[in-house]
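This is a predicted model, so every value here is computed, not measured.
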Amino acid sequence: MSKWVQVSDQLYSSSSRLAQLQPSILRIPKGSQSAPSSHIEQSTKSVIKSDNNVTYVCSKNVSNVTGEDCLPLCPVISDKLVGDLASYIDSPTYYDLDKLYPWVRDGGRGKPSYCYPRHRVAIIIPYRNRDSHLRTFLYNIHPMLIRQELDYGIYVVEQTGSSRFNRAMLMNIGYAEAMKIHDYQCFVFHDVDLIPENDKNIYNCPKQPRHMSVAIDKFKYRLPFPRIFGGVTSLTVEQFQKVNGFPNRYFGWGGEDDDMWKRVHNAGYKVIRYSEQIARYKMIKHGKDKGNKDNPVRFKMLKYSDKYFKTDGINRLTYKVLKIEFNHLFTRVLVDIDEKKVMAECDPY
């Protein structure tokens with residue numbers, strides 16, 4: 001018997017499936033968004049309010065509520081939430097994780113079977129060489145998201161090749177690729193080494209951009225400084241498009257979070273946060289990543305960021321998709337980013 005804790009008993013049928021797409025190059029023209037492809041799941045739906053004032057969402061365009069075609073709309077706040085969590089730092093094998101969470105559908109997709117979710121959310125994880133951290137993250141995140149009664153998917157955007165790590169661009173790529181797969185309403189951009197400690201920190205679609213990792217154990221559960229917008233953040237599709245996503249020019253460590261703070265405020269938004277008692281995270285200890293040294297020109301780029309935010313973002317995004325895998329607990333998007341080519345396309349600062 002596996003030693004790993006069975007955290008949730010929600011059941012979903014799952015069949016193993018692996019899809020590998022042909023290598024492709026995505027070039028999003030200036031001023032346009034990532035166009036959804038035929039992979040988006042679409043269906044004709046109808047919304048019906050029953051005699052007892054319960055709202056149902058039906059998978060077909062029907063006039064009467066039927067048990068086969070209709071589900072009640074999930075409540076605004078789930079009654080499955082428990083608050084403070086026992087956040088695990090173990091790293092179970094993928095085999096053990098698959099057995100723990102059979103209800104997760106291929107590609108790391110989950111949603112409740114008993115009600116219709118109010119939010120369609122993609123979790124985007126920029127990634128390179130953090131396998132044990134990823135397994136720990138998956139171990140903790142899936143049971144929390146299903147209790148929050150979301151229609152969610154987890155996307156691990158992995159950078160390969162010789163270029164320096166570009167966290168911000170990987171998150172832009174995750175947005176572009178996830179929108180081809182499902183009609184998401186909002187995105188949570190999530191560092192793989194941050195583990196949530198309270199499930200009332202809802203990963204849903206906020207009315208304003210939300211900084212979610214407010215209180216991290218590394219910083220004694222206090223906000224390091226007011227203008228921080230990194231670690232874990234949440235934006236709707238409309239908000240992300242309006243700020244033009246993240247900047248693509250930050251190769252190496254540092255700068256992109258401060259740039260994103262400026263983009264959010266320049267677009268007229270206000271960053272919101274849950275309280276430090278709710279928005280709490282445990283950071284997995286790790287050393288400095290190879291290939292992710294401090295960016296020596298990040299402060300200079302940040303100084304002039306107002307001049308290029310309209311031209312450097314999701315509307316100018318060039319990368320090569322090497323493989324997309326719909327694994328059981330997450331969708332893996334393997335990409336190659338050419339640093340020289342990306343920087344050549346960026347406006348000078």
Could you tell me if the side chain of R249 sits less than 4.5 Å from the side chain of V342, heavy atoms only? no
Do the ring planes of H211 and F229 sit parallel (below 30°), tilted (30 to 60°) or perpendicular (above 60°)? tilted
So does P196 get a backbone contact from the side chain of N140, meaning a donor-acceptor N/O pair under 3.5 Å? no
Using a 4.5 Å cut-off on heavy atoms from C-beta on, say whether the side chain of K242 contacts that of Y269. yes
Is the backbone N or O of R332 less than 3.5 Å from a side-chain atom of E325, with the two atoms forming a donor-acceptor pair by type? no
Should E149 and K80 count as an ion pair when the cut-off is N to O under 4.0 Å? yes
Residues R316 and E345 bridged, charged N to O under 4.0 Å: no
To the nearest 0.5 Å, atom CD1 of I48 lies from atom CG of L73 at 13.0 Å
What's the verdict on side-chain contact (heavy atoms from CB on, under 4.5 Å) for Y308 and D259, showing C-alpha distance, side-chain angles and the deciding distance? CA-CA 11 Å; Y308 59 73; D259 197 311; 3.0 Å; yes
Would a distance-only check, ignoring hydrogens and angles, find a side-chain to backbone donor-acceptor pair under 3.5 Å from Q148 to Y203? yes
Does the side-chain contact (heavy atoms from CB on, under 4.5 Å) test come out yes or no for V188 and V232, once each step is laid out? CA-CA 7 Å; V188 175; V232 186; 3.7 Å; yes
Would you indicate whether the side-chain heavy atoms of I314 and F240 approach each other to under 4.5 Å? yes
Are the side chain of R263 and the backbone of G245 linked by a donor-acceptor contact shorter than 3.5 Å? yes
Is it true that V214 and M212 fall in one hydrophobic cluster, defined by side-chain heavy atoms closer than 4.5 Å? no
Start with the C-alpha distance between E339 and R164, add both sets of side-chain angles, then the distance that settles salt bridge (Lys or Arg N to Asp or Glu O under 4.0 Å), and finish with yes or no. CA-CA 7 Å; E339 180 175 351; R164 289 180 295 170; 2.6 Å; yes
Spatial distance of atom OG1 (T160) from atom CD1 (I337) [nearest 0.5 Å]: 10.5 Å
Are side-chain heavy atoms of Y319 and V321 found at a separation under 4.5 Å? yes
Specify whether H142 and W103 have parallel, tilted or perpendicular ring planes, treating 30° as the upper limit for parallel and 60° as the lower limit for perpendicular. perpendicular
Between OG of S213 and NZ of K218, what distance do you get to the nearest 0.5 Å? 12.0 Å
Taking atom NE2 of H182 and atom OG1 of T331, what is their separation to the nearest 0.5 Å? 11.5 Å
Examine distances only and state if a side-chain atom of Y175 and a backbone atom of L170 form a donor-acceptor pair shorter than 3.5 Å. no
Using modelled atom types and a 3.5 Å cut-off, is there a donor and acceptor pairing between side-chain atoms of D217 and backbone atoms of M283? yes
Any side-chain heavy-atom pair from Y127 and V157 closer than 4.5 angstrom? no
Relative to F309, does K262 satisfy both conditions: NZ or CZ under 6.0 angstrom from the six-membered ring centre, and within 45 degrees of the ring's axis? no
Go through H190 and F137 one step at a time and tell me if the ring-ring contact (aromatic ring centres under 6.0 Å, His included) criterion holds. CA-CA 10 Å; H190 208 302; F137 176 80; 4.7 Å; yes
Can any side-chain N or O of D312 pair as donor or acceptor with the backbone N or O of C346 at less than 3.5 Å? no
Once rounded to the nearest 0.5 Å, what's the spacing between atom CD1 of I278 and atom CD1 of I202? 8.5 Å
Keeping the roles fixed (side chain from T136, backbone from S132), state whether a donor-acceptor pair exists under 3.5 Å. yes
Can you tell me how far the CD1 atom of I216 sits from the NZ atom of K282, to the nearest 0.5 Å? 12.0 Å
Checking the side chain of S91 only, and the main-chain atoms of R135 only, is there a donor and an acceptor separated by less than 3.5 Å? no
Determine whether more than 12 heavy atoms belonging to other residues, nucleotides or ligands lie under 6.0 Å from atom CD of E238. no
For a quick check under 3.5 Å, do H328 and D106 share a side-chain donor-acceptor pair by atom type? no
Between I284 and Y221, is there shared hydrophobic-cluster membership here, with clusters defined by ILVMFWY side-chain heavy atoms closer than 4.5 Å? no
Taking the side chain as every heavy atom from C-beta outward, state whether V335 and E177 have any atom pair closer than 4.5 Å. no
Go through the steps to decide whether I125 and F330 satisfy the test side-chain contact (heavy atoms from CB on, under 4.5 Å), and finish with yes or no. CA-CA 10 Å; I125 304 167; F330 64 96; over 6 Å; no
Under a 3.5 Å distance rule, please check whether N172 uses its side chain to pair with a backbone N or O of F246 as donor and acceptor. yes
Does I272 CD1 have over 12 foreign heavy atoms under 6.0 Å away? yes
Run the side chain to side chain donor-acceptor pair (under 3.5 Å) test on N201 and Y281 for me, step by step, so that the C-alpha distance in whole Å, both residues' side-chain angles and the decisive distance to 0.1 Å come before the verdict. CA-CA 10 Å; N201 186 9; Y281 288 81; 2.9 Å; yes
Side-chain heavy atoms of R130 within contact of D193, under 4.5 Å: yes
Passes side-chain contact (heavy atoms from CB on, under 4.5 Å), R210 versus Y274? Steps please. CA-CA 8 Å; R210 179 180 290 145; Y274 286 115; 3.5 Å; yes
Is any NZ, NE, NH1 or NH2 atom of the basic residue among R167 and E256 found under 4.0 Å from an Asp or Glu carboxylate oxygen of the other? yes
Between F187 and F189, what is the ring plane arrangement, given parallel below 30°, perpendicular above 60°, and tilted in between? parallel
Above 12 or not: heavy atoms from other molecules or residues under 6.0 Å from OH of Y95? no
Within the 3.5 Å criterion, strictly below it, is a donor on D69 or Y56 matched to an acceptor on the partner's side chain? no
Any side-chain heavy atom of R118 within less than 4.5 Å of one from N204? no
Taking NZ, NE, NH1 and NH2 as the nitrogens, is one of them in D151 or R120 under 4.0 Å from a carboxylate oxygen of the other? no
